[in-house]
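Bear in mind that the values here come from a model prediction, so they are computed numbers and not experimental data.
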Amino acid sequence: MKKTLLYSLAAMASLALASCAGDYDDWANPQANEQEASAAKYGVTFANGSEAEGSMADEDGIINLVTVNSTDANVSGFTLQDFKVNGVAVNGTMVGNSVQVSASELEKLVCEQNKSRASVARDLKVETQVSINLASGDAVSITTKGETTGKFTPTATPQLDEKGYYMLGQVNGNEWDAKSPVWMNKISDGVYQLKVTTTADKNWFKFYAGSNFVSEDWDSINKGALGCKENGSEEAFGYILYNGDSWGELQTPVIPGAGTWIVTLDMNNLTYTVGKPVLYMAGDANGWATNDYLAGDDGVHFTGYMYLNQNGFKFCTQPEWKGTNYGANFDTAPDAGNITMTEEAGYYKVDVDLSAKTYTLIPITTIGIIGSASPNGWDSDVDMTYVPYNAETKELGYWEAKDITLASGEIKFRANDDWAINWGGDTNALTQGGDNISVEAGTYDIKLYAWANGYAKCELIKK
């Protein structure tokens, strides 16, 4: 009895295995579901929407940017999965077969990408990704992506004021005195600038249109007020807001700290910048880092000393490209080409004139050490060697003299064996024509960072 039961169980197991094997034989290779049909099966297409070339004049505040269609009658609609404009994720809404976006959000995007609020048609590259909905109710997990183009024109900017612009606030001792406005200097059409002196940690100010100025009449004055987006903003670069602006209520910007500043108002682009009277050079020769300085006194003319090559460079008003950037022909557009020089690679004195949109180069073939403490005294220079920017360590270029023996006395640095260009004074802030530098007797390694006036420095490493 027991043996018969065991045989019966074995037979049942054999039948069960045979039944399974009839459906699927290869247990080492699990069966996979058939791949979903490609998007092409459903004939999905992406095209420019009815307002792909739109502007803020749109009355409903909505831009129909993309139209999605299908040739398959079983496709009942689409669900928006991902939406980007010029590489930036944007809030889009699928309405029927149209992708809609907020006109104001689109305006702010193109303005910020171009660092300009100018009413100029801006190119759009639109990437749309949708999933497909079927009328049959079947679940379709495939998604498909398409690219379209368009243009968007921001709101028209206010007319330029024929009487110019002025500042009120904690600048140049004004202290919000409505009788004595601080007028800005016109440096080109629509661009105004002022050299500002401040004394406080936070210095509040606003810009004003000249045509609205009536001495001590704040009602009239405030009609021409121009401010920023966020109250108390200390940003070096900002967008101008005006009365009745769709971007919001104008606020009051701040200059952060005591000192000398250059304030620029660009009414063509509705932007402003606040910075020290300095330009920065960034290019292939210094790893595109904004570390080479050009200094000036008026915010228009700048001088610096730096190594340049033919692989391109730009000038910029703020570190890390946060201000106004000047490319080829001093074009300030974000996509402006690099400045390329025809001169040989080398060290140069660089003079920039922003009003004339020019720069000039004076070759510096040698920089040497001279002085009573130098081995050659005041008669001739001990030439230094230039060590270029190190791409691996990110160390900036400098001039070097190793194992030089100095007597007790004084030294200076000068270029091209001549006194036309020379550095002296405080070793941490060398200036042109500065005082002699006192040194003790000994053997030194000397590094000179021959930068702009007041930014150049030297290291005297005694062994």
Side-chain angles (χ1 to χ4, degrees), residues 36-158 229-230 239-242 244-249 269-271 334-335:
E36 295 284 2
S38 68
K41 171 182 176 181
Y42 297 98
V44 178
T45 59
F46 297 82
N48 288 349
S50 60
E51 298 172 304
E53 295 194 6
S55 69
M56 281 299 292
D58 186 71
E59 293 182 0
D60 63 4
I62 298 297
I63 301 294
N64 292 294
L65 199 54
V66 179
T67 299
V68 188
N69 286 307
S70 171
T71 58
D72 192 310
N74 194 36
V75 173
S76 62
F78 309 93
T79 300
L80 189 62
Q81 299 292 342
D82 191 42
F83 191 62
K84 293 180 180 178
V85 177
N86 294 345
V88 177
V90 172
N91 293 319
T93 303
M94 198 87 208
V95 179
N97 67 337
S98 179
V99 182
Q100 300 180 343
V101 295
S102 161
S104 59
E105 183 177 356
L106 198 57
E107 179 181 58
K108 290 180 181 179
L109 172 65
V110 298
C111 287
E112 289 171 359
Q113 288 186 327
N114 290 277
K115 290 188 176 180
S116 169
R117 292 190 64 187
S119 186
V120 176
R122 305 294 188 184
D123 290 332
L124 305 178
K125 176 185 175 183
V126 185
E127 299 171 89
T128 308
Q129 183 169 308
V130 298
S131 59
I132 298 171
N133 307 323
L134 297 182
S136 63
D138 291 342
V140 178
S141 62
I142 70 166
T143 59
T144 183
K145 180 186 295 184
E147 289 187 5
T148 55
T149 60
K151 289 184 180 294
F152 186 84
T153 304
T155 309
T157 55
K229 293 200 301 183
E230 296 183 8
Y239 294 97
I240 289 294
L241 270 66
Y242 51 90
D245 198 335
S246 63
W247 280 32
E249 184 178 352
N269 296 299
L270 278 190
T271 61
D335 58 353

How would you list all residue pairs meeting side chain to side chain donor-acceptor pair (under 3.5 Å) that involve residues 49-61, not counting sequence neighbours? Glu51-Asn64
Hey, are the side chains of Asn114 and Val120 touching, using non-hydrogen atoms and a 4.5 Å cut-off? no
Which residues satisfy the side chain to side chain donor-acceptor pair (under 3.5 Å) test with Thr93, sequence neighbours excluded? none
Looking only at heavy atoms, what is the nearest atom pair of Thr67 and Gly49, with distance? OG1-CA, 3.6 Å
Contacts of type side-chain contact (heavy atoms from CB on, under 4.5 Å), residue Thr149, not counting sequence neighbours: Asn48
Side chain Thr128, main chain Phe83, donor-acceptor under 3.5 Å: no
Residue pairs fulfilling salt bridge (charged side-chain N to carboxylate O under 4.0 Å, His left out) with at least one residue in residues 90-116, sequence neighbours excluded: Glu112-Lys229
Is the CD atom of Glu230 crowded by more than 12 outside heavy atoms at less than 6.0 Å? no
Quick check for you: to the nearest 0.5 Å, what is the distance between Asp82 atom CG and Thr143 atom OG1? 9.5 Å
Nearest-0.5 Å distance, OG1 of residue Thr79 to CE of residue Met94: 8.5 Å
Answer yes or no: is there a side-chain heavy-atom contact under 4.5 Å between Leu65 and Leu124? yes
With Pro158 via side-chain contact (heavy atoms from CB on, under 4.5 Å) - residues at least two apart: Tyr242, Leu270
Can you list everything that forms a side chain to side chain donor-acceptor pair (under 3.5 Å) with Asn69? Sequence neighbours excluded, please. Asn97
Check side chain to side chain donor-acceptor pair (under 3.5 Å) between Lys151 and all other residues, then give those that pass, not counting sequence neighbours. Asp123
What residues, two or more places apart in sequence or in another chain, satisfy side chain to side chain donor-acceptor pair (under 3.5 Å) together with Asn86? Gln113
For Pro154 versus Val110, what's the shortest heavy-atom pair and its separation? CG-CG2, 4.1 Å
When every non-hydrogen atom of Thr271 is compared with those of Ser116, the smallest separation belongs to CG2-CA, 4.4 Å
Taken to the nearest 0.5 Å, the spacing of Thr157 OG1 from Asp245 CG works out to 10.5 Å
With sequence neighbours left out, what residues match Lys145 under side-chain contact (heavy atoms from CB on, under 4.5 Å)? Gln129
Which of Val126, Val68, Val99 passes side-chain contact (heavy atoms from CB on, under 4.5 Å) with Phe46? Answer is Val68
One should read off an interatomic distance between Ile132 CD1 and Gln81 CD, to the nearest 0.5 angstrom, of 11.0 Å
Name all residues meeting the side-chain contact (heavy atoms from CB on, under 4.5 Å) criterion together with Ser136; count only those two or more places apart in sequence or in a different chain, and write none if there are none. Asn74, Leu134, Asp138
Tell me every residue that passes ring-ring contact (aromatic ring centres under 6.0 Å, His included) with Phe78, counting only those two or more places apart in sequence or in another chain. none
Donor-acceptor pair, Arg117 side chain versus Ile240 backbone, under 3.5 Å? yes
Considering all heavy atoms, the nearest Ser119-Thr153 contact: OG-CG2, 3.5 Å
Looking only at atom types and distance, does a side-chain atom of Tyr239 sit under 3.5 Å from a main-chain N or O of Trp247, one as donor and one as acceptor? no
